[in-house]
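Letters A, B, ... are given to chains in the order of the sequence lines, protein chains preceding strands, and every chain is numbered from 1.
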There are 2 protein chains.
Amino acid sequence: MLTTKGELLLRINSLKEPTTTVDLAEATSVSQQSVSRLLIDLAAEGLIIKKPLVHGLELRLTSKGLNVIASLAARLEHALGKGGRLTGKVETGIGEGKYYLSMEQYKEKLAVLLGASPYPGTLNVRVEETEKETFLARLPLFEVPGFEDGQRTYGPIHFYPVSVAGHDCGIVVPVRTSHGQGLVELVAPFNFRKTLGLSEGHEVAIEARR
Amino acid sequence: MLTTKGELLLRINSLKEPTTTVDLAEATSVSQQSVSRLLIDLAAEGLIIKKPLVHGLELRLTSKGLNVIASLAARLEHALGKGGRLTGKVETGIGEGKYYLSMEQYKEKLAVLLGASPYPGTLNVRVEETEKETFLARLPLFEVPGFEDGQRTYGPIHFYPVSVAGHDCGIVVPVRTSHGQGLVELVAPFNFRKTLGLSEGHEVAIEARR
DNA sequence: ATTACTAGGGGACGAGTAT
DNA sequence: TATACTCGTCCCCTAGTAA
């Protein structure tokens, strides 16, 4: 998605020490020769400062180079929307999650991620599918592995740490299902309906934890 | 800086209405023919859904396509330092962590947080105390509870999900100890020294996960 | 060791055009 | 009108190698 020049700019920005064309070539999956040529180009464009050392090169971005990265970041930010929070409405529904939460193998691991044993039921929240995708894409992802019990196999679950009204909880996504189309399932060590007084149709704001 | 495919993905993401290859060609400064070909490629890669209309095309990003954009945005944010990053130098250490990692009770829970069983040793990194505080304050926190074994009691551990050089790992902080001052201990399902070639004095950049 | 020049090959691009 | 196929050109990349 990024051009090789873009990849190089990004690498160079996070460098604190001198490097070599060979190292950069490895990091960016292009040849040493290409790195050499591209660095010459970037320097000619005024995006980087290149200083040859006895052993390798000292590279640093110019403010112009930094601007290139910053403005691209801004474009992406804008395209993705702000996305720091996900809002939706509570929906009564048979959470597939409730079923999963009855399995000891999942429960134990979710307990670690939640800090306490999960309440045996999930809160279903109806959200915008696209907002959901961008929101989740920015959160750290934990995978709760699947298992077999001799009868059948149970697939892995993805867990995203979030919070609702200041209470830590998590979004669970059974990996196998073709994503619950605009629905998220929240799991927590407490009963959402009682503790937070939530029920059918209530607006809920889900935020990244912390 | 973005490849033409990247430009197209970005345009398509912000589209709400059908469009034509000619319009996209103008917007991206490539030929209509190239747009046509690239859209076919993007669809084949599963990044977009392309539906021909009588007049033009209906284009939409798949969640995979959206993820491509979102993860690029995250990379740029990190590169710009907005996402927070903590740098320091590897220190050969006393390895209090190694002791903890020998306890089955901690190991199991760390395995859930790491996605695999922890390597029985930690990487100690010397950092700026204040930078450490602000960095950790922005990360989600997981608490691994303590326990007793009849002999003595073992205190809880705080776990922060981070990544080093693209590898998911975690910062562990024994809650009780105060002598962490400017030192962080990294735990991972692999051997830092071998896998990342890190040793005494090496510079390490610790980033928020994702 | 390094960087970087030269030569050659492959892939991306666009003009023309079928549909 | 559209999209998209064919094909010739050119650009970018890498291998070899000089410095």
Side-chain angles (χ1 to χ4, degrees), chain A residues 1-62 64-65 68-69 72, chain B residues 1-62 64-65 68-69 72 197-199 201-203:
Chain A
M1 224 60 346
L2 271 182
T3 59
T4 311
K5 275 191 188 177
E7 290 287 350
L8 282 174
L9 271 190
L10 218 51
R11 299 275 171 184
I12 291 170
N13 182 51
S14 48
L15 281 178
K16 294 288 172 188
E17 293 179 0
T19 186
T20 69
T21 53
V22 173
D23 287 345
L24 285 172
E26 258 175 49
T28 52
S29 313
V30 291
S31 67
Q32 172 272 325
Q33 290 88 339
S34 288
V35 171
S36 172
R37 176 176 42 81
L38 294 170
L39 291 180
I40 292 170
D41 292 350
L42 287 169
E45 292 165 34
L47 301 182
I48 65 171
I49 305 273
K50 186 161 76 82
K51 191 193 292 180
L53 301 178
V54 187
H55 208 74
L57 299 167
E58 184 186 316
L59 299 170
R60 15 184 250 282
L61 253 61
T62 61
K64 188 175 169 189
V68 168
I69 295 183
L72 179 55
Chain B
M1 225 60 344
L2 272 183
T3 59
T4 311
K5 276 191 189 178
E7 290 289 350
L8 282 174
L9 270 190
L10 216 51
R11 298 278 171 182
I12 291 170
N13 182 51
S14 46
L15 281 179
K16 293 290 173 191
E17 293 179 1
T19 186
T20 69
T21 53
V22 174
D23 287 344
L24 285 172
E26 259 176 47
T28 51
S29 313
V30 291
S31 68
Q32 173 272 324
Q33 290 88 339
S34 288
V35 172
S36 171
R37 177 174 41 81
L38 293 171
L39 291 181
I40 292 170
D41 291 351
L42 287 169
E45 290 165 34
L47 300 182
I48 66 171
I49 304 274
K50 187 161 75 82
K51 193 191 290 180
L53 302 177
V54 188
H55 207 75
L57 299 168
E58 184 186 316
L59 299 170
R60 249 201 5 267
L61 254 61
T62 61
K64 188 174 168 190
V68 168
I69 295 182
L72 178 56
L198 290 172
S199 58
H202 274 88
E203 185 87 18

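Listed pair T21(B) / dT3(D) meets the phosphate criterion, a side-chain N or O lying under 4.0 Å from OP1 or OP2. Note on K51(A): every side-chain N or O is 4.0 Å or more away from OP1 and OP2 of dT3(C).
Residue-level contact check: K5(B) touches neither bases nor backbone, having no heavy atom under 4.0 Å from any strand. Among the atoms of the strands shown, only primed sugar atoms or phosphate atoms (P, OP1, OP2) are found under 4.0 Å from some heavy atom of L57(A). Looking at heavy-atom distances under 4.0 Å, T20(B) makes contact with sugar-phosphate atoms alone, never a base.
Taking atom CD on E58(B) and atom P on dT3(D), their separation rounds to 14 Å, with Å as the unit. Here dA2(D) presents its C1' atom at 11 Å from CG of D23(B), a figure rounded to the nearest Å. dT3(C) atom P lies 9 Å from atom NZ of K50(A), rounded to whole Å. When rounded to the nearest whole Å, the span between CG of L42(A) and C1' of dT3(C) equals 16 Å. Taking atom CG on L24(A) and atom C1' on dA4(C), their separation rounds to 15 Å, with Å as the unit. Here dT3(D) presents its P atom at 10 Å from CG of L53(B), a figure rounded to the nearest Å. As rounded to whole Å, 14 Å separates atom P of dT2(C) from atom CG of L59(A).
Annotation for T28(A) and L24(A): closest pair OG1-O, 2.6 Å, computed over non-hydrogen atoms.
In this structure, K64(B) NZ and I49(B) CD1 are separated by 11.5 Å, a value rounded to the nearest 0.5 Å. Note that CG of L9(B) and CG of L39(B) are 9.5 Å apart. Values are rounded to the nearest 0.5 Å. Distance check: L2(B) CG to K5(A) NZ gives 14.0 Å after rounding to the nearest 0.5 Å.
Nearest-nucleotide mapping onto DNA chain C: of V54(A) and I40(A), the residue sitting toward the 5' end is V54(A).
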Take nucleotides 9-19 of chain C nucleotide by nucleotide from the 5' end and write B, S or -, depending on whether a protein heavy atom sits under 4.0 Å from the base, only from the sugar-phosphate, or from neither. ---SBBBB---

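The backbone N or O of S36(A) lies less than 3.5 Å from no partner atom in the side chain of T21(A), so there is not a single donor-acceptor pair. Proximity of a side-chain donor or acceptor of T3(B) to a complementary backbone N or O of T3(A) within less than 3.5 Å is not detected.
Side-chain contact between K50(A) and I40(A) is present, with at least one heavy-atom pair separated by less than 4.5 Å.
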